[in-house]
Amino acid sequence: MAAESSHSTTHLSPKQTRKKQLSPAIDDRSLKLPDLPLELILEILLRLPVNSLIRFKSVCKSWLTMISSPQFVKKHLGFVTMGDTINPWRIIVQTPYQDFKSYSLHSLFHEPYGFEVELEYPFKTAQYGSIVGSCNGLVCIYFWELVDTFYIWNPSTRETHALSAFGKEFVVGTSFGFGYDSPNDDYKVVRVAFVEGRHEVEVYSLRRDSWRRIGDFPSQLITNYFVEAGKLVNGSIHWAATNPSSHSWIITTLDLSEETYREVPQPNYESEVHDLSVIALRGHLCIVCEDAYCSVDLWSMNEYGIKESWTKLYSMPYWPGHGPFQYPEPLWCLKDGVFLVNCDGVFGIYDSIEHTFKYPLSHVTHILDQADIYVESLVSPNAFMKVPTGLNQ
Amino acid sequence: MASSIENNNEKLTLKSSDGEEFLVEKHVALQSTLLQNMLDSDCSSADVIPLPKIDARTLALVLGYCKKHADASSSKQGELNSFDSEFLKDMDMGALFNLVLAANFMEIKGLLDIAAQKIADTIKDKPHQEVREIFHVENDYTPEEEAAVREENRWAFEGFP
């Protein structure tokens with residue numbers, strides 16, 4: 001790149017050098033931009049949101065090939081999930097009218113607030129749906145109509161995959177789970193149904209596009225009409241359950257790759273636990289527990305599997321209008337101890353350092369039945385079926 | 001020579017593609033993995049190091065970035081972040097392209113990150129036709145092919161030409 005030079009001196013001290021950079025003046029060189037090698041174009045594309053990438057497939061054939069390649073999709077996913085920016089993260093909510101909407105997480109914390117997006121999906125006519133979980137930009141939705149029906153859906157690319165017919169009727173007290181099996185590069189859906197005194201478990205593999213029965217669930221799920229879905233952390237689905245003999249709380253996990261059950265050690269609670277649920281918060285396993293109607297505590301397992309790493313993130317006192325059975329479910333944690341919570345179907349922001357609670361968020365109009373966090377990714381639910389593992393990596 | 005590398009006050013001379021020489025402190029130059037490797041392999045710091053792909057204007061910017069990051073203590077991440085955004089704020093696309101090329105050549109990861117991100121932020125809401133021009137990309141689609149690719153994701157083009 002030959003360029004005009006305004007420098008008259010040939011030796012610059014570091015001080016002078018620094019001074020020069022303070023005025024990155026705009027000049028006419030921008031009219032002729034240098035060509036970037038493909039590796040740098042890739043670096044730039046990795047930093048673009050999904051919507052732009054979808055449009056930029058139209059730039060030329062080599063961009064289409066690059067953006068569509070499984071390697072790029074994985075790299076982009078790694079980039080958005082490892083980065084510390086909130087921008088690619090969204091929250092999907094299911095309203096009581098059985099439709100799904102989404103908000104950018106950023107818009108719940110920062111101005112301009114609450115930009116709500118009506119999501120488009122092909123199963124709009126289906127009723128009685130619920131969100132099983134989300135992973136790598138894919139959201140698993142479950143419908144109980146005549147028989148259990150599932151979809152794996154990427155709301156950011158609008159691609160959907162209807163799971164192969166399951167053919168089993170809805171059973172009261174069924175729980176589900178959804179996640180990524182990294183060793184096999186596969187996505188799996190888990191269904192735990194309480195049948196004749198046992199918890200029967202079946203696992204769907206997206207790669208095989210079929211269901212398979214595995215060993216029964218080893219502990220006791222609380223069989224309400226609707227059991228909360230298991231939570232994905234570290235390649236395993238986690239449920240709060242009870243030990244069938246001692247009736248004490250345990251956390252049972254199902255490893256999605258090995259399809260085996262384990263138990264995760266719990267923190268040393270400071271008082272008797274009245275109610276307990278597990279959640280996944282920014283990749284960490286967390287426990288929300290109520291101690292005898294006094295407060296709601298949030299524990300986080302900072303190092304997965306290490307009992308000593310359990311840390312109490314907050315102890316939230318009860319406040320007026322907050323019923324004893326509807327404790328706030330943390331959905332997201334900002335770095336500085338500020339949590340987005342779902343409280344009785346309304347978003348709130350709890351600041352655990354200042355002990356303030358903003359509730360409801362005035363800029364969010366809809367009451368939500370369910371909410372889950374997902375990341376904007378290019379992962380396609382249709383790119384896994386009947387493809388040998390090697391070809392997809 | 002190895003012992004002199006320890007000396008923080010030592011300086012070395014970098015030469016831009018258009019022949020300008022820049023005297024920089026060694027700890028500033030070490031922000032660049034390329035220069036670090038050259039110094040580690042006992043390349044004499046008395047020599048002038050030519051950087052044939054980087055013009056003087058870009059090199060001055062790169063060294064400004066390196067100096068700030070070399071001098072700041074790691075505890076001042078917030079200060080560095082605001083320096084970075086101020087540093088790139090009014091930069092035009094030409095300067096950004098040169099910067100990303102230089103950061104890549106000199107292996108300065110932090111600078112490559114922020115410059116690539118800035119370019120991405122600038123183009124993300126632009127129509128693809130304009131992006132084509134910015135990157136000098138030839139449209140190798142036939143009109144039918146282009147229409148087909150677009151049709152697949154028509155919804156993403158709402159509000160775009």
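Predicted, not measured: the structure shown is a model, and the values here were computed from it. Residue numbers begin at 1 in each chain, while the letters A, B, ... track the order of the sequences.
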Minimum-distance pair of heavy atoms, taken over all atoms of [X] and [Y]:
X: B:Phe135; Y: A:Leu36; answer: CE2-CD1, 4.0 Å
X: A:Ser58; Y: B:Glu146; answer: O-OE2, 4.3 Å
X: B:Tyr141; Y: A:Cys60; answer: OH-O, 3.3 Å
X: A:Thr157; Y: B:Trp155; answer: O-CZ2, 3.5 Å
X: B:Ala120; Y: A:Leu48; answer: O-CD2, 3.3 Å

Side chains of residues 100-116 of chain B: which donor-acceptor partners sit under 3.5 Å, not counting sequence neighbours?
| residue | atom | partner | partner atom | Å |
| --- | --- | --- | --- | --- |
| B:Lys109 | NZ | B:Asp113 | OD2 | 3.0 |
| B:Asp113 | OD1 | A:Arg47 | NH2 | 2.5 |

Residue list, salt bridge (Lys or Arg N to Asp or Glu O under 4.0 Å) with A:Lys75, at least two apart or on another chain: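 Partners of A:Lys75 by the salt bridge (Lys or Arg N to Asp or Glu O under 4.0 Å) criterion come out as none, since no residue qualifies.
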Carboxylate-amine/guanidinium contact B:Glu145 A:Lys61, below 4.0 Å: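 Salt bridge flag = yes for A:Lys61 with B:Glu145.
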In terms of heavy-atom proximity below 4.5 Å to chain B, should [X] be classed as side chain, backbone, both, or neither?
X: A:Glu39; answer: side chain
X: A:Ile44; answer: both
X: A:Ser156; answer: backbone

Donor-acceptor contact below 3.5 Å, side chain A:Arg158 vs main chain B:Asn153: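 A pair under 3.5 Å: no.
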A:Arg55 side-chain N/O to B:Phe160 backbone N/O, donor-acceptor pair under 3.5 Å: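 Between the backbone of B:Phe160 and the side chain of A:Arg55 there is no qualifying donor-acceptor contact (under 3.5 Å).
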Option in B:Asp140, B:Ile123, B:Val149 with maximal non-hydrogen atom pairs under 4.5 Å from chain A: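 Between B:Asp140, B:Ile123, B:Val149, the count favours B:Asp140.
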Measure the spacing between [atom1] of [X] and [atom2] of [Y] and express it to the nearest 0.5 Å.
X: A:Ile54; Y: B:His128; atom1: CD1; atom2: NE2; result: 14.0 Å
X: B:Lys126; Y: A:Phe56; atom1: NZ; atom2: CZ; result: 9.5 Å
X: B:Lys124; Y: A:Leu53; atom1: NZ; atom2: CG; result: 12.0 Å

Neighbour count >12 (heavy atoms, 6.0 Å) for atom CD, B:Glu138: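 No, because the 6.0 Å sphere around CD of B:Glu138 holds 12 heavy atoms or fewer from other groups.
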Interchain contact, B:Lys15 with chain A, by part (heavy-atom threshold 4.5 Å):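 B:Lys15 has no heavy atom closer than 4.5 Å to chain A.
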Contact class of B:Ile134 relative to chain A, heavy atoms under 4.5 angstrom: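 Both backbone and side chain.
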